[in-house]
Amino acid sequence: MSQRLKLEVKALNTIGGHDLVIFVSDKLTPAKLAEDWLGEGAHALLARAAAADKFKGKAFSGMTLLAPDGAGYERLVVIGVGPDGDRDKLDFAKLGGAVASKLGSGRSADVIIALPDAEISAEQAAAIALGLRLRAYVFDRYKTKTREADEADPITVTLRTPDPAALKKALRACEAVAGGVEIARDLVNEPPNVLYPEEFAERAAKLEKLGVEVEILDEKQLKKIGMRALLGVGQGSRRESRVVVMRWNGAKPGAKPVAFVGKGVTFDTGGISLKPGAGMEDMKGDMAGAACVTGLMHALAARKAKVNAIGVIGLVENMPDGNAQRPGDIVTSLSGQTIEIINTDAEGRLVLADVLWYTQDKYKPRFMINLATLTGAILVALAQENAGLFSNDDELSERLAVAGKATGETVWRMPLGAAYDKMIDSKFADMKNSAGRYGGSITAAQFLQRHVNETPWAHLDIAGTGMGSPTSETNRSWGSGWGVRLLDRLVANHYET
Ligand code: MN
Ligand code: ZN
């Protein structure tokens, strides 16, 4: 990606630039601070412009006008924050996204960090900055011709606040999270000829710079450990499979870690159960779970979270080949249980089965959350609004739901149960990897649960949210980086000492 935005924080003393951004309520009243800058006549100017533009100050809406003479700016960008009321309920990241969407051709903008009717905290202001950055993200690494040279330069956005020190401090955590989301988006957007298991592992290894311990397990080691379910998926590919373990030690040594596990199928053709051709290119995103875990580990390390956290990602490529796994094959997973392969396109659960077992067995985590673009069926159930949440633990589920609402990365809990579990019994082995169309997301989750012991566990099916999801105020990218903000918030809310 290219950084299209340079963020700065400054006091209110000096003025001047291309765009001046202010926030107004639905009464079109600007904040006192903004009024001071615009001078007398600000009210009349805004009222006339709003009438001409039918601008009502609705939250996240915007209008642009020529700046008044002597203001020191070319344009005035007015962003609505809606009716007076509980500003704590305002989504400040979304507000930042709205600001970014209105920045024009100028190379600089000043944002007056003040609300018309309430104080704004440093954390809320930092969330605006987060939204600005997330909205400005562009993945254009492979565009050689279409960009104007002018557009390649970053826009400098200066947040103008009476208390720059406080905002700079709050910004550190936000930048860590924004960096994590950007890493996840980059990984999902990369083409599959560039990003294959070994390359993904190399990129994860870059987290060592932040103090993350990174261990890369190659096929020889995976064979020795006994991850035969995972290796079976990758055996049709010329690219070797990898498992990467990332450890961030931000709490006391010996404190039980929290664990995040990601499905990283760098390309999923379906294998011998080949997918139809239309839309297959999207299967480069079948590693969005692993991308999220990698981005999350970046966020936690970059903001020096006081937690011991482990990220484990299973990286394979699922290809048809003379050596590929067949429907009918029976493999023994790391747990010792046998699996009959019914459909080689139900490969993500085979990867996760081994990685989940390995993670709980080796690291004895406080909880284990896995993310996977696991089933198309989750889109049938939930569209692209929520990720599917499956869990053996009510407390963890509740905490995820709360963090989801706070970040806008929402989850919806789906059922698990004995009747569903029975659906994956196999005639020839302990279980089968596919039980047909009905309840397809649930039977996939049941399969995962057969590889989880009493560890509190949650599975997030992100097939609808991790890639190709509808654009939003804070995301214009195909790879959304979904889950980084959610899980960072979960850790911050409950698991830091
Ligand atoms: Mn598949
Ligand atoms: Zn898949």
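On a predicted model such as this, the values are computed, not experimentally measured, just so you know. One is the number of the first residue; the rest follow in order along the sequence. Indexing begins at 1, ligand by ligand and atom by atom, following the structure's order. Hydrogens, waters and symmetry mates are skipped; everything else that's a heavy atom, side chains included, is used.
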Participant: Output yes if Asp345 passes the N/O/S-under-2.8 Å test against the Zn ion (ligand 2); output no otherwise.
Facilitator: no
Participant: Of all N, O or S atoms in Asp268, identify the one at the shortest distance from the Zn ion (ligand 2).
Facilitator: OD2
Participant: Vertex the Mn ion (ligand 1): angle to OE1 of Glu347 and OD2 of Asp268, to 10°?
Facilitator: 100°
Participant: Does atom CH2 of Trp478 have more than 12 heavy-atom neighbours, drawn from other residues, nucleotides or ligands, at distances under 6.0 Å?
Facilitator: yes
Participant: Given NZ of Lys263 on one side and OD2 of Asp286 on the other, what angle do they make at the Zn ion (ligand 2), to 10°?
Facilitator: 90°
Participant: Taking 4.0 angstrom as the limit, do Glu347 and Lys263 come out as a salt bridge?
Facilitator: yes
Participant: Of all N, O or S atoms in Glu347, identify the one at the shortest distance from the Zn ion (ligand 2).
Facilitator: OE2
Participant: If you round to the nearest 0.5 Å, how far is CD of Glu190 from CZ of Phe200?
Facilitator: 10.5 Å
Participant: Any cation-pi pair here, Arg476 with Tyr137, using under 6.0 Å and within 45°?
Facilitator: no
Participant: Could you tell me whether any N, O or S atom belonging to Ala346 is less than 2.8 Å from the Zn ion (ligand 2)?
Facilitator: no
Participant: Going by an N to O cut-off under 4.0 Å, is there a salt bridge joining Arg238 and Glu317?
Facilitator: no
